[in-house]
Amino acid sequence: MSTATDLQIAATERTPEIHLSASTGLFRMKGESYPEDVAAFYGQVVHAVEQLPTALAKPLEADISMIYINSSSIKAMFRIFEGFEAVRRAGQPVTVRWHYTDDDDIMQELGEDFKDRFPELSIEIKAN
Amino acid sequence: MDDSLFDLYDREKLLLAEGPAILERGIESEIRAFAERLFERFARVVRENEDLTRHSDRQEQRLVKLNQNLKTQTHELDIRKTELENLSKQLAKYLPPQIHEALFAGNHDTRIATRRKKLTVFFSDIKGFTQTSENLQPEALTEYLNEYFSEMTQIALAHGATIDKYMGDAMMVFFGDPETRGVREDARACVEMALSMLERLAELQQRWRNDGFENPFEIRIGINTGYCNVGNFGSDQRLSYTIIGGEVNLAQRLESNADVGGILMSYETWVHVQDLVDVEPRGAISMKGIARNVMTYGVTGRKKPHQQPSYALRHPAGISIELDTAVLDADTKVKLADQLSELADRLRAGH
(Lines give C-alpha, C1' and ligand atoms only; values in the text may rest on other atoms or scores of the structure.)
Protein backbone atom coordinates (compact mmCIF):
# COMPACT_ATOMS: atom_id res chain seq x y z
CA MET A 1 0.00 0.00 0.00
CA SER A 2 1.36 3.46 -0.82
CA THR A 3 1.40 6.48 1.50
CA ALA A 4 2.30 10.08 0.64
CA THR A 5 6.03 9.31 0.65
CA ASP A 6 6.05 5.54 0.33
CA LEU A 7 5.26 3.99 -3.05
CA GLN A 8 4.84 0.39 -4.20
CA ILE A 9 3.78 0.43 -7.83
CA ALA A 10 3.92 -2.83 -9.75
CA ALA A 11 5.18 -2.85 -13.33
CA THR A 12 2.74 -3.07 -16.22
CA GLU A 13 3.40 -3.47 -19.93
CA ARG A 14 3.55 0.32 -20.29
CA THR A 15 4.72 1.51 -16.87
CA PRO A 16 7.71 0.72 -14.67
CA GLU A 17 7.86 -0.79 -11.20
CA ILE A 18 8.43 2.01 -8.70
CA HIS A 19 9.38 1.61 -5.06
CA LEU A 20 10.01 4.46 -2.66
CA SER A 21 10.50 4.35 1.10
CA ALA A 22 11.25 7.53 3.10
CA SER A 23 12.19 5.44 6.13
CA THR A 24 14.87 3.38 4.34
CA GLY A 25 15.82 6.06 1.84
CA LEU A 26 15.48 3.66 -1.09
CA PHE A 27 14.07 4.54 -4.48
CA ARG A 28 13.85 1.97 -7.27
CA MET A 29 12.47 2.40 -10.79
CA LYS A 30 12.62 -0.44 -13.25
CA GLY A 31 11.05 -1.42 -16.58
CA GLU A 32 9.52 0.43 -19.50
CA SER A 33 7.72 3.74 -19.48
CA TYR A 34 5.21 4.89 -22.06
CA PRO A 35 2.05 5.43 -20.02
CA GLU A 36 -1.16 6.40 -21.78
CA ASP A 37 -1.45 9.34 -19.36
CA VAL A 38 2.01 10.39 -18.22
CA ALA A 39 0.75 13.09 -15.86
CA ALA A 40 -1.65 10.69 -14.13
CA PHE A 41 1.02 8.02 -13.66
CA TYR A 42 3.91 10.24 -12.60
CA GLY A 43 1.83 12.73 -10.55
CA GLN A 44 1.94 10.46 -7.49
CA VAL A 45 5.67 9.83 -7.93
CA VAL A 46 6.60 13.50 -8.32
CA HIS A 47 4.37 14.33 -5.34
CA ALA A 48 6.07 11.68 -3.15
CA VAL A 49 9.59 12.72 -4.19
CA GLU A 50 8.81 16.37 -3.46
CA GLN A 51 7.99 15.37 0.15
CA LEU A 52 11.40 13.71 0.65
CA PRO A 53 13.44 16.75 1.87
CA THR A 54 11.34 16.81 5.03
CA ALA A 55 10.36 13.14 5.28
CA LEU A 56 13.58 11.25 4.54
CA ALA A 57 15.07 9.36 7.50
CA LYS A 58 18.21 8.07 5.76
CA PRO A 59 20.46 9.12 2.84
CA LEU A 60 18.71 8.66 -0.48
CA GLU A 61 19.83 5.80 -2.72
CA ALA A 62 18.15 5.60 -6.08
CA ASP A 63 18.47 2.71 -8.56
CA ILE A 64 17.04 3.29 -11.99
CA SER A 65 17.03 0.56 -14.66
CA MET A 66 14.97 1.43 -17.67
CA ILE A 67 14.62 -0.51 -20.91
CA TYR A 68 12.55 2.01 -22.79
CA ILE A 69 11.32 5.46 -21.85
CA ASN A 70 9.38 7.89 -23.97
CA SER A 71 9.90 11.65 -24.13
CA SER A 72 6.97 12.59 -21.86
CA SER A 73 8.24 10.18 -19.22
CA ILE A 74 11.68 11.78 -19.44
CA LYS A 75 10.08 15.15 -18.79
CA ALA A 76 8.47 13.61 -15.67
CA MET A 77 11.85 12.16 -14.65
CA PHE A 78 13.38 15.63 -14.81
CA ARG A 79 10.88 16.55 -12.10
CA ILE A 80 11.86 13.50 -10.07
CA PHE A 81 15.54 14.42 -10.37
CA GLU A 82 14.71 17.99 -9.37
CA GLY A 83 13.18 16.41 -6.25
CA PHE A 84 16.46 14.52 -5.65
CA GLU A 85 18.29 17.82 -6.10
CA ALA A 86 16.09 19.39 -3.44
CA VAL A 87 16.97 16.53 -1.08
CA ARG A 88 20.65 17.18 -1.73
CA ARG A 89 20.20 20.89 -1.09
CA ALA A 90 18.38 20.07 2.16
CA GLY A 91 21.63 18.44 3.32
CA GLN A 92 20.95 14.74 2.75
CA PRO A 93 23.45 12.75 0.68
CA VAL A 94 21.98 11.43 -2.58
CA THR A 95 23.36 8.55 -4.64
CA VAL A 96 21.83 7.69 -8.00
CA ARG A 97 22.80 4.50 -9.86
CA TRP A 98 21.67 4.52 -13.48
CA HIS A 99 21.68 0.95 -14.80
CA TYR A 100 21.52 0.09 -18.47
CA THR A 101 21.74 -3.14 -20.43
CA ASP A 102 25.23 -3.62 -21.79
CA ASP A 103 24.48 -2.96 -25.47
CA ASP A 104 21.79 -0.31 -24.93
CA ASP A 105 23.55 2.87 -26.00
CA ILE A 106 20.34 4.90 -25.89
CA MET A 107 19.82 4.28 -22.18
CA GLN A 108 23.52 4.77 -21.54
CA GLU A 109 23.50 8.17 -23.27
CA LEU A 110 20.30 9.18 -21.52
CA GLY A 111 22.02 8.47 -18.20
CA GLU A 112 24.92 10.64 -19.31
CA ASP A 113 22.47 13.43 -20.17
CA PHE A 114 20.96 13.23 -16.67
CA LYS A 115 24.43 13.32 -15.17
CA ASP A 116 25.25 16.50 -17.16
CA ARG A 117 21.93 18.09 -16.29
CA PHE A 118 22.18 17.44 -12.53
CA PRO A 119 25.83 18.01 -11.62
CA GLU A 120 25.07 18.37 -7.92
CA LEU A 121 23.93 14.75 -7.75
CA SER A 122 26.25 11.80 -7.59
CA ILE A 123 25.10 9.74 -10.58
CA GLU A 124 26.82 6.47 -11.39
CA ILE A 125 26.24 4.97 -14.85
CA LYS A 126 26.44 1.19 -14.66
CA ALA A 127 26.26 -1.40 -17.43
CA ASN A 128 24.51 -4.64 -16.46
CA MET B 1 -0.39 18.75 -4.49
CA ASP B 2 -3.37 16.91 -5.88
CA ASP B 3 -1.97 14.08 -8.05
CA SER B 4 -4.87 14.37 -10.48
CA LEU B 5 -3.95 18.03 -11.13
CA PHE B 6 -0.31 17.24 -11.90
CA ASP B 7 0.83 18.74 -15.14
CA LEU B 8 4.25 18.18 -16.69
CA TYR B 9 4.49 21.93 -17.36
CA ASP B 10 2.68 23.20 -14.25
CA ARG B 11 5.61 25.31 -13.03
CA GLU B 12 6.04 27.03 -16.38
CA LYS B 13 2.32 27.64 -16.65
CA LEU B 14 2.12 29.12 -13.13
CA LEU B 15 5.00 31.44 -13.89
CA LEU B 16 3.45 32.58 -17.14
CA ALA B 17 0.14 33.20 -15.36
CA GLU B 18 1.83 35.71 -13.00
CA GLY B 19 3.18 37.83 -15.87
CA PRO B 20 0.19 39.97 -16.94
CA ALA B 21 -0.53 41.27 -13.39
CA ILE B 22 3.15 42.09 -12.76
CA LEU B 23 3.39 43.99 -16.03
CA GLU B 24 0.13 45.73 -15.29
CA ARG B 25 1.45 46.96 -11.96
CA GLY B 26 4.60 48.25 -13.68
CA ILE B 27 6.84 48.07 -10.58
CA GLU B 28 10.38 47.87 -11.90
CA SER B 29 11.85 45.81 -9.05
CA GLU B 30 8.98 43.34 -9.31
CA ILE B 31 9.37 43.12 -13.08
CA ARG B 32 13.13 42.54 -12.71
CA ALA B 33 12.63 39.74 -10.16
CA PHE B 34 9.97 38.15 -12.39
CA ALA B 35 12.28 38.42 -15.43
CA GLU B 36 15.05 36.62 -13.55
CA ARG B 37 12.73 33.77 -12.58
CA LEU B 38 11.44 33.69 -16.12
CA PHE B 39 14.97 33.51 -17.58
CA GLU B 40 15.95 30.81 -15.14
CA ARG B 41 12.90 28.69 -15.98
CA PHE B 42 13.26 29.38 -19.69
CA ALA B 43 16.93 28.28 -19.60
CA ARG B 44 15.91 25.07 -17.82
CA VAL B 45 13.18 24.37 -20.39
CA VAL B 46 15.62 24.94 -23.26
CA ARG B 47 18.09 22.47 -21.75
CA GLU B 48 15.34 19.97 -21.16
CA ASN B 49 14.16 20.43 -24.69
CA GLU B 50 17.68 19.82 -26.02
CA ASP B 51 17.92 16.61 -24.01
CA LEU B 52 14.49 15.46 -25.11
CA THR B 53 15.18 16.21 -28.75
CA ARG B 54 18.47 14.35 -28.61
CA HIS B 55 16.81 11.38 -26.95
CA SER B 56 13.98 11.46 -29.46
CA ASP B 57 16.49 11.47 -32.35
CA ARG B 58 18.27 8.44 -30.88
CA GLN B 59 15.00 6.59 -30.55
CA GLU B 60 14.13 7.46 -34.14
CA GLN B 61 17.52 6.19 -35.35
CA ARG B 62 16.94 2.95 -33.49
CA LEU B 63 13.48 2.64 -35.04
CA VAL B 64 14.89 3.26 -38.52
CA LYS B 65 17.52 0.60 -37.90
CA LEU B 66 14.95 -1.83 -36.54
CA ASN B 67 12.76 -1.15 -39.54
CA GLN B 68 15.68 -1.85 -41.88
CA ASN B 69 16.44 -5.08 -40.00
CA LEU B 70 12.78 -6.03 -40.18
CA LYS B 71 12.74 -5.41 -43.93
CA THR B 72 15.87 -7.52 -44.35
CA GLN B 73 14.40 -10.30 -42.23
CA THR B 74 11.08 -10.12 -44.06
CA HIS B 75 12.92 -10.38 -47.35
CA GLU B 76 14.90 -13.38 -46.07
CA LEU B 77 11.68 -14.94 -44.79
CA ASP B 78 10.06 -14.43 -48.19
CA ILE B 79 12.99 -16.22 -49.82
CA ARG B 80 12.75 -19.07 -47.27
CA LYS B 81 8.98 -19.23 -47.80
CA THR B 82 9.42 -19.50 -51.55
CA GLU B 83 12.05 -22.20 -51.05
CA LEU B 84 9.70 -24.09 -48.72
CA GLU B 85 6.82 -23.75 -51.15
CA ASN B 86 8.95 -25.14 -53.96
CA LEU B 87 10.14 -27.96 -51.73
CA SER B 88 6.55 -28.64 -50.71
CA LYS B 89 5.52 -28.82 -54.38
CA GLN B 90 8.32 -31.27 -55.11
CA LEU B 91 7.50 -33.36 -52.03
CA ALA B 92 3.83 -33.40 -52.99
CA LYS B 93 4.74 -35.53 -55.99
CA TYR B 94 6.15 -38.20 -53.71
CA LEU B 95 3.43 -38.21 -51.06
CA PRO B 96 -0.30 -38.91 -51.01
CA PRO B 97 -1.93 -35.46 -51.14
CA GLN B 98 -3.89 -36.01 -47.92
CA ILE B 99 -0.67 -36.90 -46.10
CA HIS B 100 1.18 -34.01 -47.69
CA GLU B 101 -1.51 -31.54 -46.64
CA ALA B 102 -1.70 -32.98 -43.14
CA LEU B 103 2.09 -32.86 -42.77
CA PHE B 104 2.31 -29.23 -43.81
CA ALA B 105 -0.66 -28.30 -41.62
CA GLY B 106 1.14 -30.02 -38.73
CA ASN B 107 -1.70 -32.52 -38.24
CA HIS B 108 0.05 -35.68 -39.33
CA ASP B 109 1.58 -37.98 -36.78
CA THR B 110 4.95 -39.27 -37.97
CA ARG B 111 5.43 -41.83 -35.21
CA ILE B 112 5.60 -45.48 -36.14
CA ALA B 113 1.98 -46.37 -35.52
CA THR B 114 -0.61 -48.43 -37.34
CA ARG B 115 -4.27 -49.29 -36.84
CA ARG B 116 -6.78 -51.69 -38.29
CA LYS B 117 -9.34 -50.14 -40.52
CA LYS B 118 -11.79 -51.31 -43.15
CA LEU B 119 -10.51 -50.07 -46.47
CA THR B 120 -11.18 -50.66 -50.13
CA VAL B 121 -7.96 -51.60 -51.87
CA PHE B 122 -7.30 -51.23 -55.59
CA PHE B 123 -4.57 -52.84 -57.66
CA SER B 124 -3.93 -52.35 -61.35
CA ASP B 125 -1.27 -53.76 -63.58
CA ILE B 126 -0.39 -53.45 -67.24
CA LYS B 127 -0.82 -56.70 -69.13
CA GLY B 128 2.39 -58.05 -70.65
CA PHE B 129 4.33 -54.94 -69.76
CA THR B 130 7.71 -56.60 -70.12
CA GLN B 131 6.88 -57.72 -73.66
CA THR B 132 5.39 -54.32 -74.53
CA SER B 133 8.43 -52.52 -73.20
CA GLU B 134 10.74 -54.62 -75.33
CA ASN B 135 8.85 -53.58 -78.45
CA LEU B 136 9.12 -49.85 -77.73
CA GLN B 137 11.99 -47.41 -77.78
CA PRO B 138 12.84 -46.44 -74.17
CA GLU B 139 11.94 -42.79 -74.86
CA ALA B 140 8.53 -43.76 -76.22
CA LEU B 141 7.96 -46.18 -73.38
CA THR B 142 8.76 -43.47 -70.84
CA GLU B 143 6.43 -41.04 -72.58
CA TYR B 144 3.49 -43.47 -72.77
CA LEU B 145 4.01 -44.77 -69.25
CA ASN B 146 4.21 -41.26 -67.79
CA GLU B 147 1.09 -40.27 -69.65
CA TYR B 148 -0.69 -43.40 -68.46
CA PHE B 149 0.26 -42.84 -64.81
CA SER B 150 -0.49 -39.11 -64.98
CA GLU B 151 -3.96 -39.72 -66.36
CA MET B 152 -4.73 -42.54 -63.91
CA THR B 153 -3.40 -40.53 -60.97
CA GLN B 154 -5.51 -37.55 -61.91
CA ILE B 155 -8.61 -39.76 -61.94
CA ALA B 156 -7.63 -41.38 -58.64
CA LEU B 157 -7.17 -38.02 -56.93
CA ALA B 158 -10.42 -36.72 -58.34
CA HIS B 159 -12.18 -39.65 -56.66
CA GLY B 160 -10.47 -39.05 -53.31
CA ALA B 161 -8.11 -42.01 -53.46
CA THR B 162 -4.96 -42.34 -51.38
CA ILE B 163 -2.24 -43.36 -53.79
CA ASP B 164 -0.10 -45.82 -51.90
CA LYS B 165 2.59 -46.51 -54.46
CA TYR B 166 3.59 -47.21 -58.02
CA MET B 167 5.43 -50.49 -58.42
CA GLY B 168 6.92 -50.64 -61.86
CA ASP B 169 3.84 -50.73 -64.08
CA ALA B 170 1.47 -51.50 -61.19
CA MET B 171 -0.51 -49.06 -59.13
CA MET B 172 -1.76 -49.54 -55.59
CA VAL B 173 -4.44 -47.25 -54.27
CA PHE B 174 -6.84 -47.34 -51.35
CA PHE B 175 -9.90 -45.60 -49.97
CA GLY B 176 -10.81 -45.08 -46.32
CA ASP B 177 -7.69 -43.48 -44.84
CA PRO B 178 -6.62 -40.89 -43.83
CA GLU B 179 -10.06 -39.65 -44.85
CA THR B 180 -13.15 -41.80 -45.12
CA ARG B 181 -16.69 -41.24 -46.26
CA GLY B 182 -17.77 -44.50 -44.71
CA VAL B 183 -17.00 -48.04 -45.89
CA ARG B 184 -19.84 -48.15 -48.43
CA GLU B 185 -19.07 -44.77 -50.01
CA ASP B 186 -15.35 -45.56 -50.06
CA ALA B 187 -16.05 -48.82 -51.94
CA ARG B 188 -18.34 -47.06 -54.39
CA ALA B 189 -15.80 -44.27 -55.00
CA CYS B 190 -13.16 -46.91 -55.71
CA VAL B 191 -15.29 -48.76 -58.25
CA GLU B 192 -16.33 -45.48 -59.89
CA MET B 193 -12.66 -44.59 -60.13
CA ALA B 194 -11.82 -47.95 -61.69
CA LEU B 195 -14.57 -47.54 -64.30
CA SER B 196 -13.39 -44.01 -65.11
CA MET B 197 -9.84 -45.30 -65.51
CA LEU B 198 -10.91 -47.97 -67.99
CA GLU B 199 -12.99 -45.46 -69.92
CA ARG B 200 -10.12 -43.00 -70.10
CA LEU B 201 -7.69 -45.76 -71.02
CA ALA B 202 -9.90 -46.71 -73.96
CA GLU B 203 -9.58 -43.13 -75.24
CA LEU B 204 -5.83 -43.16 -74.71
CA GLN B 205 -5.50 -46.49 -76.50
CA GLN B 206 -7.24 -45.01 -79.53
CA ARG B 207 -4.91 -42.02 -79.59
CA TRP B 208 -1.81 -44.13 -78.97
CA ARG B 209 -2.71 -46.40 -81.85
CA ASN B 210 -3.03 -43.34 -84.07
CA ASP B 211 0.41 -42.28 -82.85
CA GLY B 212 1.91 -45.59 -83.92
CA PHE B 213 1.79 -47.44 -80.60
CA GLU B 214 0.60 -50.68 -82.11
CA ASN B 215 -0.36 -52.65 -79.00
CA PRO B 216 -1.12 -50.03 -76.41
CA PHE B 217 -1.29 -50.75 -72.71
CA GLU B 218 -4.14 -52.82 -71.40
CA ILE B 219 -4.73 -53.25 -67.72
CA ARG B 220 -6.27 -55.57 -65.17
CA ILE B 221 -7.90 -54.27 -62.01
CA GLY B 222 -8.58 -55.98 -58.69
CA ILE B 223 -10.62 -54.47 -55.88
CA ASN B 224 -11.25 -55.76 -52.37
CA THR B 225 -12.83 -54.36 -49.22
CA GLY B 226 -11.64 -55.55 -45.84
CA TYR B 227 -9.75 -54.86 -42.66
CA CYS B 228 -6.15 -53.80 -43.25
CA ASN B 229 -3.34 -52.44 -41.13
CA VAL B 230 -2.81 -48.84 -42.14
CA GLY B 231 -0.28 -46.30 -40.93
CA ASN B 232 3.39 -45.52 -40.72
CA PHE B 233 5.60 -48.54 -41.22
CA GLY B 234 9.37 -48.52 -41.14
CA SER B 235 11.90 -46.97 -38.80
CA ASP B 236 12.38 -43.63 -37.10
CA GLN B 237 14.74 -42.69 -39.94
CA ARG B 238 12.53 -43.70 -42.82
CA LEU B 239 8.78 -44.15 -42.76
CA SER B 240 6.32 -45.36 -45.30
CA TYR B 241 2.64 -44.59 -45.00
CA THR B 242 1.05 -47.71 -46.43
CA ILE B 243 -1.28 -50.66 -45.84
CA ILE B 244 -0.54 -54.32 -45.25
CA GLY B 245 -2.51 -57.47 -44.54
CA GLY B 246 -4.21 -60.45 -46.12
CA GLU B 247 -6.95 -58.26 -47.60
CA VAL B 248 -4.31 -56.22 -49.44
CA ASN B 249 -2.81 -59.39 -50.88
CA LEU B 250 -6.29 -60.48 -51.87
CA ALA B 251 -6.78 -57.30 -53.90
CA GLN B 252 -3.55 -58.06 -55.72
CA ARG B 253 -4.65 -61.64 -56.37
CA LEU B 254 -7.97 -60.38 -57.76
CA GLU B 255 -6.05 -58.12 -60.10
CA SER B 256 -3.96 -61.00 -61.41
CA ASN B 257 -7.14 -63.07 -61.96
CA ALA B 258 -9.04 -60.24 -63.67
CA ASP B 259 -9.82 -60.18 -67.39
CA VAL B 260 -7.65 -57.92 -69.49
CA GLY B 261 -9.44 -54.58 -69.55
CA GLY B 262 -11.66 -55.76 -66.71
CA ILE B 263 -12.31 -55.37 -63.01
CA LEU B 264 -12.52 -58.31 -60.65
CA MET B 265 -13.88 -57.57 -57.19
CA SER B 266 -14.54 -59.52 -54.04
CA TYR B 267 -17.97 -60.19 -52.59
CA GLU B 268 -17.18 -57.66 -49.82
CA THR B 269 -16.82 -54.90 -52.38
CA TRP B 270 -19.67 -56.10 -54.60
CA VAL B 271 -22.28 -55.80 -51.80
CA HIS B 272 -21.64 -52.05 -51.70
CA VAL B 273 -21.79 -51.46 -55.46
CA GLN B 274 -24.35 -53.95 -56.80
CA ASP B 275 -26.63 -51.09 -57.89
CA LEU B 276 -23.75 -49.38 -59.69
CA VAL B 277 -22.37 -52.11 -61.91
CA ASP B 278 -23.46 -55.22 -63.75
CA VAL B 279 -21.36 -58.23 -62.82
CA GLU B 280 -21.03 -61.85 -63.53
CA PRO B 281 -20.10 -64.19 -60.72
CA ARG B 282 -16.70 -65.84 -61.01
CA GLY B 283 -15.30 -68.64 -58.95
CA ALA B 284 -14.46 -68.47 -55.30
CA ILE B 285 -10.82 -68.07 -54.42
CA SER B 286 -8.99 -68.91 -51.24
CA MET B 287 -5.97 -67.12 -49.90
CA LYS B 288 -3.44 -67.73 -47.22
CA GLY B 289 -4.23 -65.49 -44.28
CA ILE B 290 -7.94 -65.28 -45.12
CA ALA B 291 -10.08 -67.92 -43.47
CA ARG B 292 -13.06 -67.69 -45.82
CA ASN B 293 -13.43 -68.59 -49.48
CA VAL B 294 -13.88 -65.33 -51.30
CA MET B 295 -16.59 -65.04 -53.93
CA THR B 296 -15.48 -62.96 -56.88
CA TYR B 297 -17.37 -60.87 -59.42
CA GLY B 298 -16.23 -59.61 -62.79
CA VAL B 299 -17.63 -56.24 -63.80
CA THR B 300 -19.38 -56.31 -67.16
CA GLY B 301 -20.31 -52.64 -67.24
CA ARG B 302 -22.03 -49.76 -65.55
CA LYS B 303 -25.63 -50.35 -64.61
CA LYS B 304 -27.86 -48.19 -66.73
CA PRO B 305 -29.66 -45.54 -64.73
CA HIS B 306 -33.19 -46.56 -63.64
CA GLN B 307 -32.71 -49.95 -65.18
CA GLN B 308 -35.92 -51.90 -65.09
CA PRO B 309 -35.84 -55.24 -63.33
CA SER B 310 -35.82 -58.07 -65.81
CA TYR B 311 -39.02 -59.37 -64.25
CA ALA B 312 -41.67 -57.43 -62.29
CA LEU B 313 -44.92 -58.65 -60.80
CA ARG B 314 -47.40 -56.60 -58.83
CA HIS B 315 -50.78 -57.89 -57.62
CA PRO B 316 -53.55 -56.04 -55.74
CA ALA B 317 -53.38 -58.77 -53.08
CA GLY B 318 -50.17 -57.07 -51.94
CA ILE B 319 -47.66 -59.14 -53.85
CA SER B 320 -44.69 -57.32 -55.36
CA ILE B 321 -41.74 -59.07 -56.96
CA GLU B 322 -38.89 -57.26 -58.72
CA LEU B 323 -36.28 -59.60 -60.02
CA ASP B 324 -32.94 -58.80 -61.64
CA THR B 325 -31.94 -62.11 -63.10
CA ALA B 326 -28.56 -60.74 -64.14
CA VAL B 327 -27.31 -60.85 -60.59
CA LEU B 328 -28.43 -64.42 -59.96
CA ASP B 329 -26.14 -67.33 -60.58
CA ALA B 330 -27.43 -70.50 -62.23
CA ASP B 331 -27.89 -72.36 -58.95
CA THR B 332 -29.90 -69.59 -57.37
CA LYS B 333 -32.08 -69.32 -60.47
CA VAL B 334 -32.96 -73.03 -60.31
CA LYS B 335 -33.71 -72.91 -56.58
CA LEU B 336 -35.86 -69.79 -56.96
CA ALA B 337 -37.75 -71.31 -59.91
CA ASP B 338 -38.46 -74.43 -57.81
CA GLN B 339 -39.80 -72.37 -54.93
CA LEU B 340 -42.01 -70.24 -57.18
CA SER B 341 -43.28 -73.34 -58.96
CA GLU B 342 -44.19 -74.93 -55.62
CA LEU B 343 -46.00 -71.73 -54.64
CA ALA B 344 -47.90 -71.73 -57.97
CA ASP B 345 -48.94 -75.38 -57.47
CA ARG B 346 -50.26 -74.63 -53.97
CA LEU B 347 -52.21 -71.61 -55.23
CA ARG B 348 -53.76 -73.67 -58.04
CA ALA B 349 -54.71 -76.34 -55.58
CA GLY B 350 -56.64 -73.72 -53.64
CA HIS B 351 -54.39 -73.64 -50.53
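Quick note: numbers below take in every heavy atom, side chains included, and nothing from hydrogens, waters or symmetry partners. Here is how names work: the chains are called A, B, and so on, in the same order as the sequence lines, proteins then strands, and each is numbered from 1.
Contacts between A/Asp105 and chain B at a heavy-atom distance below 4.5 Å involve backbone atoms as well as side-chain atoms. For A/Glu82, the part lying near chain B is the side chain, with the backbone staying farther off; criterion is any non-hydrogen pair under 4.5 Å. Heavy atoms closer than 4.5 Å to chain B are found in the side chain of A/Tyr68, but not in its backbone.
Within 6.0 Å of CD in B/Glu83 there are more than 12 heavy atoms belonging to other residues, nucleotides or ligands. Heavy atoms from other residues, nucleotides or ligands lying under 6.0 Å from OH of B/Tyr9 number 12 at most. Within 6.0 Å of CD in B/Gln154 there are 12 or fewer heavy atoms belonging to other residues, nucleotides or ligands. Surrounding NZ of B/Lys165 are more than 12 heavy atoms belonging to other residues, nucleotides or ligands, all under 6.0 Å away. Other residues, nucleotides and ligands place more than 12 heavy atoms under 6.0 Å from the NZ atom of B/Lys117. In the displayed structure, B/Arg115 atom CZ is contacted under 6.0 Å by more than 12 heavy atoms of other residues, nucleotides or ligands. More than 12 heavy-atom neighbours from other residues, nucleotides or ligands sit within 6.0 angstrom of CD on B/Glu147. Within a 6.0 Å sphere centred on CZ of B/Arg32, other residues, nucleotides and ligands contribute 12 heavy atoms or fewer.
Closest approach of B/Leu8 and A/Arg79 over heavy atoms only: O-NH1, 3.8 Å.
Between the side chain of B/His55 and the backbone N or O of A/Ile69, at least one donor-acceptor pair lies under 3.5 Å.
Using a 4.5 Å cut-off between non-hydrogen atoms, the part of residues 71-78 of chain A that approaches chain B consists of A/Ser71, A/Ser72, A/Ile74, A/Lys75, A/Ala76, A/Phe78.
The pair A/Arg117-B/Glu48 meets the salt-bridge criterion, since a charged nitrogen lies less than 4.0 angstrom from a carboxylate oxygen. Between B/Arg11 and A/Glu50, at least one side-chain N (NZ, or NE/NH1/NH2) sits under 4.0 Å from a carboxylate O, which counts as a salt bridge. Checked for salt-bridge contact, A/Asp104 and B/Arg62 meet the test: a charged N lies under 4.0 Å from a carboxylate O.
Distance check: B/Asp51 CG to A/Leu110 CG gives 8.0 Å after rounding to the nearest 0.5 Å.
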